[in-house]
Amino acid sequence: TFLNKLADVTIVLLVVAANLYSQASSSPVYASDTPGPHPRILMSVEDVSVMKDAIKTDPTAGELFNTLRAYADNVTNSTPSKKCPKGKTDQPQTKLLAQMYLLTQDEKYFVRALSEMDRSCSCTWASPTFLWTAEMTVSVSIGLDWLWDKLSTSNQTRYQACIVNNGINLEIFNHYSEDFKGNTNRNIVGHGGYVIGALAAWEYNTTLSKYLLNTSLSLMRSATEMYGPEGSWWEGPVYWGYATMNAILVKKSLEMSFNNDMGFLANNSGFATTADFPLYSFSMARVLNQPGSGFTGHGALYNWADSNVSNMQYASVPFYVNRMFPNAAYPYLARTMAEAFYKCGDSCTQDPTLASELLLFWNSSGSNGDLQSYPVDKLFSSAYSPDIHTVGFIKSNWFHTNTSSEQDVYLGFKIGGASWSHGHADVGSFVFDKGGIRWAEDLGLANYESSKGKGVPYRDSTPGHNTLTFNNNNQLATAAFCQDPPRFKSIPSCRKGTGSVIMFNSSQQQQQQ
């Protein structure tokens, strides 16, 4: 029809315009490029065999598989909901169910995966920030892609139409485009959703898919630069994980689809060492009885900014980074964090849809000895300047195979700024572990919904942190780690007595006055 032809012409013009103003390092997807066969999102057919071998040969991988399968069994044994998925508390388990089907060929997982996809496609995916829209797009895209060979042709087309109509059409893209052009996790998650949706729906609307792929890869550059020179993330460890898992989803899927990554994350030195961030953020002392952690005795993060102590789901990141930049310490870290996940028991609050990548990227190499070349202290520089730091850590030692001794200590302290995205008024704050117990803690993430319209939650405030407070006031938004000489550029590595000094800038001094 005339309107369809007009729509195609409009899309082509938009593609040309996007290429003209784009300043991204990503290579364009040319008209002759065609993605490889399904599955092509995050994994290939060969990866299924690799996962099966790991489950058989590595006890930790086997335990993790049992844990994930138990989650999937709980889903299949429950009554399917007829309500639209709503936020994190009702996340569709499509990815986990599809993965369990591929690993076991048990029909019940396939049937329930289709039920989850149908439930998702029966609803609108609109959300205030597009994050939920992106997650729904990825969920259905992975289900479609991983189960492609078992789906009928009509179902393949139906789910592709669902992805286009609910997740990646131009009206949605234009509506949300300003919301995630910046340098936060939203950029990577939002545009990552478009990339994955485009790869899943390629056969259904190739012109639209090419436009969204090129444009999204171009606009993601500003956010991926925030890994800085050493791989930290300015929004805290949980949003580092959220952003990085979606960056890996994009990069790996491009590799699977086109046999190259289209230049995504090319020449990004920070990403090469980004697994150092959880390596230091994860307390090597096995923290006992941490309130609200959902588990005991298996380690904890320094949960500065909007973070929880028990978010181990992103442990697959070190596995993947090791594939790109071999470092035997990374697989060892990932397996240790995986152990924390599957041992957390019935009270565990982890999201298995995020932990499933652990099996996908599993690697049995590395040992405690590979950590010994790492200094026990570390300052992470920010993306803004080598002299502006994000966070620092001091440890007495690295991982233990047993419960920590009374002498083991861990100190994590926030530098950064008081007005960063997802940040708190917490410059100079710290957590401290000794003997397996967290003696000074950070209250971490607040419930976004319950704290709306109530001002600054106590856990976000300066009095709610282990830092200097004057007249019970919050730090000013401009508060930051002092950059005037003498600059604090490094912590002296010393296993016998380490220490450091944190200075505040004039904004903190003004507050004191």
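Values reported hereafter were calculated over all heavy atoms of this structure, with side chains retained and with hydrogens, waters and symmetry mates removed.
Looking only at atom types and distance, the side chain of Ser232 has no donor-acceptor partner in the side chain of Glu230 under 3.5 Å away. Side-chain contact, Tyr332 with Asn322: no donor N or O sits under 3.5 Å from an acceptor N or O. In summary, the side chains of Tyr330 and Asp370 do not present any donor paired with an acceptor at a separation below 3.5 Å, with no hydrogens or angles considered. At a cut-off of 3.5 Å, with distance as the only test, a side-chain donor of Asp58 or Ser364 sits close to an acceptor on the other residue. A side-chain N or O of Arg69 and one of Tyr109 form a donor-acceptor pair less than 3.5 Å apart.
Contact check on Arg158 versus Asp118 returns a salt bridge, with a Lys/Arg side-chain nitrogen under 4.0 Å from an Asp/Glu carboxylate oxygen. Salt bridge Arg40/Glu203: present, at least one basic N to carboxylate O contact under 4.0 Å. Between Glu235 and Arg186 no salt bridge is recorded (no basic side-chain N to carboxylate O distance below 4.0 Å). Between Arg438 and Glu441, none of the side-chain N atoms (NZ, or NE/NH1/NH2) sits under 4.0 Å from a carboxylate O, so this pair counts as no salt bridge. At a threshold of 4.0 Å, the pair Asp33-Lys210 does not count as salt-bridged, since none of the basic side-chain nitrogens sits closer than that to a carboxylate oxygen. Between Lys150 and Glu107, at least one side-chain N (NZ, or NE/NH1/NH2) sits under 4.0 Å from a carboxylate O, which counts as a salt bridge.
If you look at Phe277 and Trp233, their ring centroids are not closer than 6.0 Å. In this structure, Trp146 has its ring center no closer than 6.0 Å to that of Tyr159.
In this structure a side-chain-to-backbone donor-acceptor pair under 3.5 Å is missing from Arg335 to Trp362. Remark: the backbone N or O of Gly182 is paired with a side-chain donor or acceptor of Ser222 at under 3.5 angstrom. Within the 3.5 Å criterion, the main-chain N or O of Leu208 finds a donor-acceptor partner in the side chain of Asn205. Between the side chain of Ser216 and the backbone N or O of Leu213, no donor-acceptor pair lies under 3.5 Å. Looking at Ser209, its side chain does come within 3.5 Å of a backbone N or O of Ala198 through a donor-acceptor pair. A side-chain donor-acceptor contact under 3.5 Å links Asn260 to the backbone of Phe258. The main-chain N or O of Cys162 is found under 3.5 Å from a side-chain atom of Asn166 such that the two form a donor-acceptor pair. Between the side chain of Asn187 and the main chain of Asn183, no donor-acceptor pair closer than 3.5 Å is present. The backbone N or O of Leu151 lies less than 3.5 Å from no partner atom in the side chain of Asn155, so there is not a single donor-acceptor pair.
In this structure, Lys378 satisfies the cation-pi test against Phe380, with its NZ or CZ atom closer than 6.0 Å to the six-membered ring centre and inside 45 degrees of the ring normal.
Residues Met100 and Gln105 form no side-chain contact, since every pair of their non-hydrogen atoms from C-beta on lies 4.5 Å or further apart. Residues Leu212 and Val195 have side chains not in contact (no heavy-atom distance under 4.5 Å, counting atoms from C-beta outward). Arg119 is not listed as a side-chain neighbour of Lys82, based on a closest heavy-atom distance of 4.5 Å or more. Arg112 places a side-chain heavy atom less than 4.5 Å from the side chain of Ser78.
Between atom CH2 of residue Trp125 and atom OG1 of residue Thr137 there is a gap of 5.0 Å, rounded to the nearest 0.5 Å. Taking CE of Met324 as the start and CZ of Phe271 as the end, the distance is 5.5 Å to the nearest 0.5 Å. One finds the CE atom of Met136 at 8.0 Å from the OG1 atom of Thr94 (value rounded to the nearest 0.5 Å). To the nearest 0.5 Å, atoms CG (Leu96) and CD1 (Ile142) are separated by 11.5 Å.
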May I have the step-by-step check of side-chain hydrogen bond (donor to acceptor under 3.5 Å, both in side chains) for Thr274 and Trp240, ending in yes or no?
CA-CA 9 Å; Thr274 194; Trp240 164 85; 2.7 Å; yes
Under the side-chain hydrogen bond (donor to acceptor under 3.5 Å, both in side chains) criterion, do Tyr227 and Thr244 qualify, and how do the steps go? CA-CA 9 Å; Tyr227 284 106; Thr244 305; 2.9 Å; yes
Pair Tyr320-Asn363, side-chain hydrogen bond (donor to acceptor under 3.5 Å, both in side chains): steps then yes or no: CA-CA 9 Å; Tyr320 184 80; Asn363 187 314; over 6 Å; no
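Residue Lys251 forms a side-chain hydrogen bond (donor to acceptor under 3.5 Å, both in side chains) with just one option from Thr224, Asn246, Asp261, and that option is Asp261.
The neighbour count for Asn77 CG, taken as heavy atoms of other residues, nucleotides or ligands under 6.0 Å away, is above 12.
Between Phe393 and Tyr410, the angle of the ring planes lies from 30° to 60°, which puts this pair in the tilted group. Using cut-offs of 30° and 60° for the angle between ring planes, the Tyr302 and Trp304 rings count as tilted.
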